[in-house]
Amino acid sequence: MSYLDSVAEGRMRRRAARCGIAALLGAWAAAPRPALAAPPPLSVPITSEDTTTGAPQVSTGLLGNLERSNFLLGDLFGMRSALSPYGISIALQETSEVLGNVTGGIRRGADYDGLTQAVVQLDTQRAFGWYGGLFNISALQIHGRNLSADNLGSLQTASGIEADRATRLWELWYDQKFLAEDRLDIRIGQQSADQEFIVNPNGAYFVNTMFGWPVVPSYDLPGGGPAYPLSAPAVRVRYKPDNAISVLVGLFSGSPANSNQGDPQQVNASGTSFPFHRGALAIAELQYTYPALGSMVEPGAGAPLGHTYRIGAWFDSESFDDLRYDNTGLSLASPNSGGVPLSHHGDYSFYVVADQMVWRQQDNPNRSITVFGRIMGTPQGDRNLVDYSFNGGIVYHYPFAGRPDDTAGLGVGHAHVSPRASGYDRDVAAYNMTVSPANYLPIRSSETFVEVSYQYQVRPWWQLQPDLQYVFNPGGGSANPVNPSERVKNELVLGLRTNILF
């Protein structure tokens, strides 16, 4: 392929990703996908302990003590106990799921996908007496297929673990605490922003990807931003002026891949590209938590209704293509356009995040109901496919007697396609009226989904999670690549996920 041919193909893919019309469906199918949400949270154990006594476990066999162990493999053949005195902790988790759309979509069907996470941490205090230091390295093994790409064509993809099949490095960083009471800590190395920024803790109970890393940065940042399964070189600073308030600031490489052409997961296939020449992404977040660590409760008062609020913004210094106009002011849909988009410098967005407990049973504080929400928007619709999004929901902890570790949740997500992207769609329709008047040429608008999910704790190390999602106006109203004469129809997605902690 010649250089000019490759440039033309790149333009076609970018147009198709913005438009989704029948004439560009082949290129649309090959367009780069955004970064996805964070996978299920994985905590790193210091040692393997009995869940009832807290005493260290002794490995009695490959699957010994399954009823009480926090881990399927217990002490991991003695490794956890042997490494703990040296400050080394190991965590392994497998997430597997089957999701399928029984109605609507590009086509009907089901896919299996899975993710194995491995994390190793070194506590410098226990290792060699250096207070406040923590080394972290994590890796991902992603397997199976991608239902959203194969069948759904949705903006807000169905699962937070969907990604290209790969074995890849994820995070590699060192964190050091400073000042009295650890008021300051600095983290440097390869980091995934979705682990600390723009986080709704109660959103982690759901399956849909947009309860993790939001849809706005997923589509608007280069490569979808430094979020699962990608990461980028970064420096992160956290300062706590008091126990209730935290200030979080991060400076990341502007893109998680060395090139913004093609699928970033393929461009940085092993997670070891460490891009340093892609501009800069700055994120700042102010967090308020109640009750704060060390808070006092009045005598006779019940357990407080806790909440966490976050407000923040990000800015990326890279250049961004206009979604509608070329560098001469013509519509990119015009046959007279040279196809070179107008270039804009920089991009930014603002967001607000809230988790608020609204009810707690007085004689059983573990039984509670929490509502959560997150709204994010950008005024720069000329360069962004999605200009604002919202997701939120309600989570019921300890929903049934005898099920203290179960959770039930109802969530919703909404993504709005920017007026500039919709304007491009209108231009495409206008220029094609005389050429192919019978073609279905959609004007994208917005997409909304609803999710109902239940986490059933089978054992301390094993969860089962049935899940139901319904998607309205998938892709914002995109044409179906299998049947270009109609849009992608509303989708009912059913699934079952399992998490196993080894």
Side-chain angles (χ1 to χ4, degrees), residues 35 38-47 76 79-80 82-93 116-141 166-199 212-213 223 225-241 246-258 268 270-285 287 293 312 314:
L42 173 57
S43 59
V44 181
I46 297 175
T47 60
L76 204 60
M79 289 180 60
R80 288 192 169 104
L83 294 174
S84 180
Y86 301 98
I88 299 175
S89 304
I90 301 173
L92 294 168
Q93 180 171 277
T116 304
Q117 299 178 74
V119 182
V120 178
Q121 291 186 343
L122 171 68
D123 184 318
T124 60
Q125 172 74 27
R126 288 189 290 132
F128 40 84
W130 180 271
Y131 177 77
L134 182 68
F135 285 103
N136 178 93
I137 182 170
S138 59
L140 308 172
Q141 208 298 309
T167 300
R168 58 187 305 123
L169 176 69
W170 192 16
E171 292 193 297
L172 176 62
W173 47 257
Y174 175 73
D175 190 292
Q176 178 65 53
K177 295 180 171 63
F178 299 93
L179 304 182
E181 300 181 316
D182 301 334
R183 293 291 186 186
L184 174 70
D185 75 271
I186 299 176
R187 179 175 297 180
I188 184 169
Q190 177 145 299
Q191 302 174 52
S192 192
D194 58 358
Q195 297 302 285
E196 296 188 292
F197 290 91
I198 328 178
V199 174
W213 191 239
Y228 170 85
L230 302 170
S231 53
V235 176
R236 190 274 288 148
V237 177
R238 183 196 302 271
Y239 176 63
K240 301 189 70 170
S246 295
V247 179
L248 200 62
V249 178
L251 184 64
F252 294 76
S253 173
S255 174
N258 281 320
N268 187 4
S270 63
T272 57
S273 294
F274 306 114
F276 284 99
H277 63 285
R278 300 301 310 176
L281 168 65
I283 312 179
E285 183 173 297
Q287 305 173 350
L293 182 66
W314 57 257

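- E285 meets the salt bridge (Lys or Arg N to Asp or Glu O under 4.0 Å) test with R310; sequence neighbours excluded.
- Residues satisfying the ring pair (Phe, Tyr, Trp, His ring centres under 6.0 Å) test with F274, not counting sequence neighbours, are none.
- Taking T116 as the reference, E94 meet the side chain to side chain donor-acceptor pair (under 3.5 Å) condition, with sequence neighbours excluded.
- When the side chain to side chain contact (heavy atoms under 4.5 Å, CB included) test is applied to P85, no partner is found at least two apart in sequence or on another chain.
- I188 meets the side chain to side chain contact (heavy atoms under 4.5 Å, CB included) test with V235; sequence neighbours excluded.
- Here A280 pairs with L251, S317 under the side chain to side chain contact (heavy atoms under 4.5 Å, CB included) rule; sequence neighbours left out.
- For the pair W314/F252, no side-chain contact is recorded, criterion being any heavy-atom separation below 4.5 Å from C-beta on.
- Q190 is linked by a side chain to side chain donor-acceptor pair (under 3.5 Å) to S231, counting only residues two or more places apart in sequence or in another chain.
- Within the structure, salt bridge (charged side-chain N to carboxylate O under 4.0 Å, His left out) contacts touching residues 184-193 (residues at least two apart or in different chains) are D175-R187, D185-R236, D185-R238, R187-E196.
- Under the rule for a side chain to side chain contact (heavy atoms under 4.5 Å, CB included), the partners of S273 that lie at least two apart in sequence or sit in another chain are N258, N268, P275.
- Listed by chain and residue number, N260 satisfy the side chain to side chain donor-acceptor pair (under 3.5 Å) test with S255 (two or more places apart in sequence, or in another chain).
- Every residue two or more places apart in sequence or in another chain that forms a side chain to side chain donor-acceptor pair (under 3.5 Å) with Q176 is listed here: W130, Y174.
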